[in-house]
Amino acid sequence: MEASFLAQQFVPLMFVGLFILLLTGFPVAFALAACGLGFGFIGMEAGLFPASMFQALPLRIFGIMQNDTLLAIPFFTFMGIILERSGMAEDLLETVGQVFGPVRGGVAIAVILVGALLAATTGVVAAAVISMGLISLPIMLRYGYSRTIATGTITASGTLAQAIPPSLVLIVLADQLGRSVGDMYAGALIPGLLLVGLYILFIVVVALVKPDMVPALPPEARIYREDNGASGHRSLLILLALCAVIGYGWAQVHDQIIGGITGRTQPAAGDEIIIMSMTVASLTGLALSIVNRVTKMGLLSKLAEQVTFVLMPPLILIFLVLGTIFLGVATPTEGGAMGALGAVVLALVKRKFSMDLTRQALDSTAKLASFVLFILIGSTVFSFTFNAADGHIWVEHLFKDMPGGAIGFLIVVNLLIFILGCFIDFFEIAFIVIPLLAPVAEKILPGMVPGMTPDQAMIWFGVIIAMNLQTSFLTPPFGFALFYLRSVAPKNDYKDRVTGALIPSVKTTEIYKGSIAFIGLQLIMVAAVIMYPGLVTGGMEEGTKLDASEVMQQLESSSNAGETGAGDALKPNDSAEDANSQKSDDDALKALMGTEPKK
């Protein structure tokens, strides 16, 4: 009776055991492994599993350590830390703030744009939130920004690192879903940019409805001015317009140029054209600014030159990394290595590179990579026992008769992940929950949209989860972005060093309230991606579909033709070795198709 009860309730008991271990404060990686090994031993003692079951576990763990895809995590982490520690965030915030400062809400818009750029270069939420909290928050408080708008903008902009490529979350999700990281990057590009646009639209609406909440910078706070007193925005707009024309021109001839270089005949995906066009436009702007400074022609304003020299190098770096991945020239791991090297070069150019900086970056990278791998190993041990107990079938039955079909499945999954995000880290969600849901999603989602392939469905599912995981950084009680900002926001009243006014401290409740509106915006974006899958799959190319029976018929017909025309197939000069080689190739093809070669 006890064995029967254990067999029926084994999977729920595993979840209860894991939940209890997590509540004790035991490290997640070791809690997962302990739960998997402990329940595996119980199952073997109760006769549910064979005694030799865990002999295959070392091979699973060794397979994790051989996974080349996961090498992209330390590479992109190293790139981000080098760029962040070399002062890129400070330069970007100061420069972009000067560009948008003269308009209402301009500083908030600058924070969002810099947050998006930091997301695409550093990919680290903590670095983005802390940098913007230290630099932008005092400025926003100094000039009368609403506390909730200021804190919400900073924390939400920092979380963009979860959805905009090259995101560590997207790498992990692609690995857990068994799909290409490049496809996951391509699928997340448009939704990530739309989310940035949604944030900016929200600030614009606030500026129109309640302008006092987001005032413009006063004239004395604008530091880049021409000798005649002009702001220099006209020169900047002309330069941007010229770069946009060059980028648009490239987009029109992209297929011809790239096709001639690579020999590709199929048209390029939309995301590839966007990235490469922006790369060409950025290179054009940087080249024109360099020529203007070297020749001292004076055609560009101080603001235009500052924007170009600060903004273009990191933009070009990330566009080149993503462009080579989208073009298929480099894998995400190779792209990450190139990005890490590019970050070192940029730090050298800015004269910020040092052995101390390298030591800090390597130390942080090793810690994060070890953290991820240990959680992955722990989740592998847990899922090993879980799948041995047919837990995946249990999960499938759990969602099988759910009202609403595929839409009901997506709603429940997103609610589950949203709630879990209030309590645990996104890495833990990705490694614990996603492997349990992936088999169910692969069965349910492809039939939801006509013509959607399983690969497209899983990339779509992964992007939905990535957009949802952003909220885990903003949702109380354990929103990490809220904690990061709290650590650098003023805890006591202080005297502003510029105006001399007394600035009240930032309360924790103000930080929490500021995140509410942006959580709503993120959920709107999740709903939009669910309703319009084309935002993710629009640029993905469908692979050529092969019918196994048709392939076998062609093989058999070619084989029969070879038998009837043996005299033509084997000329006098042909050797018996050639015939054996041809037969071996045919046998290998048939074996790959799942049929036995004829004796």
To the closest 0.5 Å, what do you measure between [atom1] ([X]) and [atom2] ([Y])?
X: Phe30; Y: Phe374; atom1: CZ; atom2: CZ; value: 5.5 Å
X: Ile434; Y: Ile465; atom1: CD1; atom2: CD1; value: 4.5 Å
X: Leu137; Y: Thr153; atom1: CG; atom2: OG1; value: 10.5 Å
X: Leu37; Y: Leu32; atom1: CG; atom2: CG; value: 11.0 Å
X: Ile318; Y: Ile164; atom1: CD1; atom2: CD1; value: 10.0 Å
X: Leu193; Y: Leu535; atom1: CG; atom2: CG; value: 11.5 Å

Can you check side-chain contact (heavy atoms from CB on, under 4.5 Å) on Thr151 and Val506, steps first, answer last? CA-CA 9 Å; Thr151 57; Val506 176; 4.1 Å; yes

Measure across [X] and [Y] and return the closest heavy-atom pair with its distance rounded to 0.1 Å.
X: Val529; Y: Pro191; value: CG2-CB, 4.0 Å
X: Met132; Y: Ser157; value: CE-CB, 3.8 Å
X: Met338; Y: Leu320; value: CE-O, 3.6 Å
X: Arg486; Y: Pro490; value: NH2-O, 3.4 Å
X: Thr159; Y: Gln470; value: O-NE2, 3.0 Å
X: Met467; Y: Ala163; value: SD-CB, 3.6 Å

Within a radius of less than 6.0 Å around [atom1] of [X], do more than 12 heavy atoms belonging to other residues, nucleotides or ligands occur?
X: Lys491; atom1: NZ; result: yes
X: Lys352; atom1: NZ; result: yes
X: Lys513; atom1: NZ; result: no

Counting C-beta onward and ignoring hydrogens, is there a side-chain heavy-atom pair between [X] and [Y] closer than 4.5 Å?
X: Val172; Y: Ile73; value: yes
X: Ile171; Y: Pro332; value: no
X: Tyr199; Y: Gln522; value: yes
X: Leu13; Y: Ile42; value: no
X: Met525; Y: Leu194; value: yes
X: Leu317; Y: Val345; value: no

Can you tell me how the ring of Phe409 sits relative to the ring of Phe461, calling it parallel under 30°, perpendicular over 60° and tilted otherwise? parallel

Test item: [X] side-chain N/O and [Y] main-chain N/O as donor-acceptor pair under 3.5 Å:
X: Ser136; Y: Gly133; result: no
X: Thr324; Y: Val321; result: yes
X: Ser383; Y: Thr380; result: yes

Test salt bridge (Lys or Arg N to Asp or Glu O under 4.0 Å) on Asp363 and Arg359; report intermediate values, then the result. CA-CA 6 Å; Asp363 183 57; Arg359 191 180 300 109; over 6 Å; no

One pair to check against side-chain contact (heavy atoms from CB on, under 4.5 Å): Leu410 and Trp460. What are the steps and the verdict? CA-CA 11 Å; Leu410 286 176; Trp460 176 47; 3.8 Å; yes

Using the side chain to side chain contact (heavy atoms under 4.5 Å, CB included) definition, which of the options Thr471, Ile417, Ile464 pairs with Val526? Ile464

Does the side-chain contact (heavy atoms from CB on, under 4.5 Å) test come out yes or no for Phe518 and Leu521, once each step is laid out? CA-CA 5 Å; Phe518 290 93; Leu521 294 176; 3.9 Å; yes

How far apart are the C-alpha atoms of Leu315 and Leu117, what are their side-chain angles, what is the distance that settles it, and do they pass the side-chain contact (heavy atoms from CB on, under 4.5 Å) test? CA-CA 8 Å; Leu315 273 178; Leu117 188 57; 3.4 Å; yes

